[in-house]
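For reference, the structure discussed in these notes is given below.
Because the structure is predicted, anything quoted here is derived from the model rather than measured. Numbering of ligands and ligand atoms starts at 1, following listing order. Along the sequence shown, the residues carry numbers beginning at 1.
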Amino acid sequence: MPIEYLSGATEKPRLIIGITGASAPHLAIHLLTALRQLNTVATHLVISKAAHRTIELETGLRPDDFAGLADVYHQRGDIAATIASGSFLTLGMVVVPCSMKTLAGIAHGYSDDLLTRAADVCLKERRRLVLVTRETPLSLVHLKNMTAVTEAGAIVLPPVPAFYHGPTTIEDLLAHLSGKILDQFGIQHDLFPRWLGATAAQDFVGGSVR
Ligand SMILES: Cc1cc2nc3c(=O)[nH]c(=O)nc-3n(C[C@H](O)[C@H](O)[C@H](O)COP(=O)(O)O)c2cc1C
């Protein structure tokens, strides 16, 4: 059985996407789907063991269904995969959603699977690493680990919804988050209307609460 599935899209800039066992794998589905539609980067996907469980519990999908959304799918135990090496050039990595356990592993350089190793590589190579940390409320341990990864160069980007763009559906909220992630990598998109001032906002904010 092959350990890596190539789609032939490797000439495009590469973006690594890690999915961990925090709630809301829907965030990753939306991002992968948006990237597939944009077709401007090659996606490399790795899914933690716990995420296999949350994916099944929260979406009813199988992890294999997720694998098909990516250009390259890496087995989490394959520490010899391309993304385990700094010599394999990438734009960086987003971990979405990012559990507090994986946050802790990244914060302390504890790379016990391919996902945490790929994140560690991004830090050592000074590449963009975005952690969509999902937990609430946050303990002091969580907050200290967020500080540690930020000091090491990562970007903590929690999935906090905004309402300045007038969302009316869950899809709108997911699109806003995917767009905020893509902004961090300079990947162009039109996933949400950008803030152009209060007057312009009246065009798309139609709700009763502003
Ligand atoms: C349904 C479900 C939801 C979970 N949600 C979260 C969460 O939002 N944040 C979190 O840090 N852990 C959450 N967990 C616990 C993690 O899955 C657990 O800590 C796991 O060891 C994380 O491993 P990983 O980081 O390697 O994926 C959840 C577990 C389950 C079963």
Side-chain angles (χ1 to χ4, degrees), residues 3-4 15-32 43-70 72-84 90 92-124 127-162 170 173-174 176-178 180-181 184:
I3 52 176
E4 183 177 282
L15 181 67
I16 306 168
I17 296 164
I19 306 177
T20 75
S23 189
H26 313 70
L27 306 175
I29 299 179
H30 193 283
L31 181 66
L32 283 163
T43 51
H44 284 246
L45 176 65
V46 57
I47 302 176
S48 79
K49 185 177 179 185
H52 282 68
R53 191 84 178 104
T54 50
I55 286 169
E56 286 165 357
L57 286 171
E58 295 190 355
T59 71
L61 298 171
R62 292 173 304 122
D64 283 354
D65 299 326
F66 276 56
L69 292 173
V72 183
Y73 175 61
H74 298 277
Q75 299 290 337
R76 67 180 180 277
D78 182 13
I79 45 86
T82 50
I83 59 173
T90 69
M93 178 174 186
V94 53
V95 184
V96 55
C98 181
S99 75
M100 296 302 103
K101 180 218 165 197
T102 289
L103 168 70
I106 296 169
H108 297 278
Y110 188 74
S111 308
D112 65 342
D113 64 9
L114 179 61
L115 194 156
T116 43
R117 167 62 185 170
D120 201 45
V121 166
C122 287
L123 289 184
K124 83 181 176 77
R127 292 180 192 147
R128 190 67 101 202
L129 174 63
V130 174
L131 305 181
V132 183
T133 49
R134 209 237 69 90
E135 189 51 275
T136 196
L138 297 167
S139 73
L140 184 59
V141 172
H142 302 151
L143 292 166
K144 282 184 172 175
N145 285 337
M146 288 183 193
T147 299
V149 292
T150 302
E151 287 172 346
I155 292 163
V156 175
L157 194 157
V160 179
I170 292 175
L173 296 175
L174 292 172
H176 181 260
L177 183 78
S178 290
K180 293 292 283 184
I181 294 168
Q184 290 299 322

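The number of heavy-atom neighbours closer than 6.0 Å to CD1 of Ile170, taken from other residues, nucleotides and ligands shown, is 12 or below. Counted within 6.0 Å of CG on Leu57, heavy atoms from surrounding residues, nucleotides or ligands total more than 12; the atom is thus considered enclosed. By the 6.0 Å contact criterion, NZ on Lys124 is enclosed, its count of non-hydrogen atoms from other residues, nucleotides or ligands being greater than 12.
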Report each N/O pair between ligand 1 and the protein that falls under 3.5 Å, naming both atoms.
{"residue": "ligand 1", "atom": "5 (N)", "partner": "Ser23", "partner atom": "N", "Å": "3.1"}
{"residue": "ligand 1", "atom": "8 (O)", "partner": "Ser23", "partner atom": "N", "Å": "3.1"}
{"residue": "ligand 1", "atom": "8 (O)", "partner": "Arg134", "partner atom": "O", "Å": "3.1"}
{"residue": "ligand 1", "atom": "8 (O)", "partner": "Arg134", "partner atom": "NE", "Å": "2.7"}
{"residue": "ligand 1", "atom": "8 (O)", "partner": "Arg134", "partner atom": "NH2", "Å": "3.1"}
{"residue": "ligand 1", "atom": "9 (N)", "partner": "Arg134", "partner atom": "O", "Å": "2.7"}
{"residue": "ligand 1", "atom": "9 (N)", "partner": "Glu135", "partner atom": "OE2", "Å": "3.2"}
{"residue": "ligand 1", "atom": "11 (O)", "partner": "Met100", "partner atom": "N", "Å": "2.8"}
{"residue": "ligand 1", "atom": "14 (N)", "partner": "Gly21", "partner atom": "O", "Å": "3.2"}
{"residue": "ligand 1", "atom": "17 (O)", "partner": "Gly21", "partner atom": "O", "Å": "2.6"}
{"residue": "ligand 1", "atom": "25 (O)", "partner": "Ser99", "partner atom": "OG", "Å": "2.5"}
{"residue": "ligand 1", "atom": "25 (O)", "partner": "Thr102", "partner atom": "OG1", "Å": "2.5"}
{"residue": "ligand 1", "atom": "26 (O)", "partner": "Lys101", "partner atom": "NZ", "Å": "3.0"}
{"residue": "ligand 1", "atom": "27 (O)", "partner": "Gly21", "partner atom": "N", "Å": "2.7"}
{"residue": "ligand 1", "atom": "27 (O)", "partner": "Ser48", "partner atom": "OG", "Å": "2.6"}

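Looking at Leu103 and Leu131, their side chains come closer than 4.5 Å, going by heavy atoms from C-beta outward.
For Glu58, the side chain to side chain donor-acceptor pair (under 3.5 Å) partners at least two apart in sequence or on another chain are Ser23.
The two residues Met93 and Leu15 come nearest to each other via the heavy atoms N-CD1, 4.4 Å.
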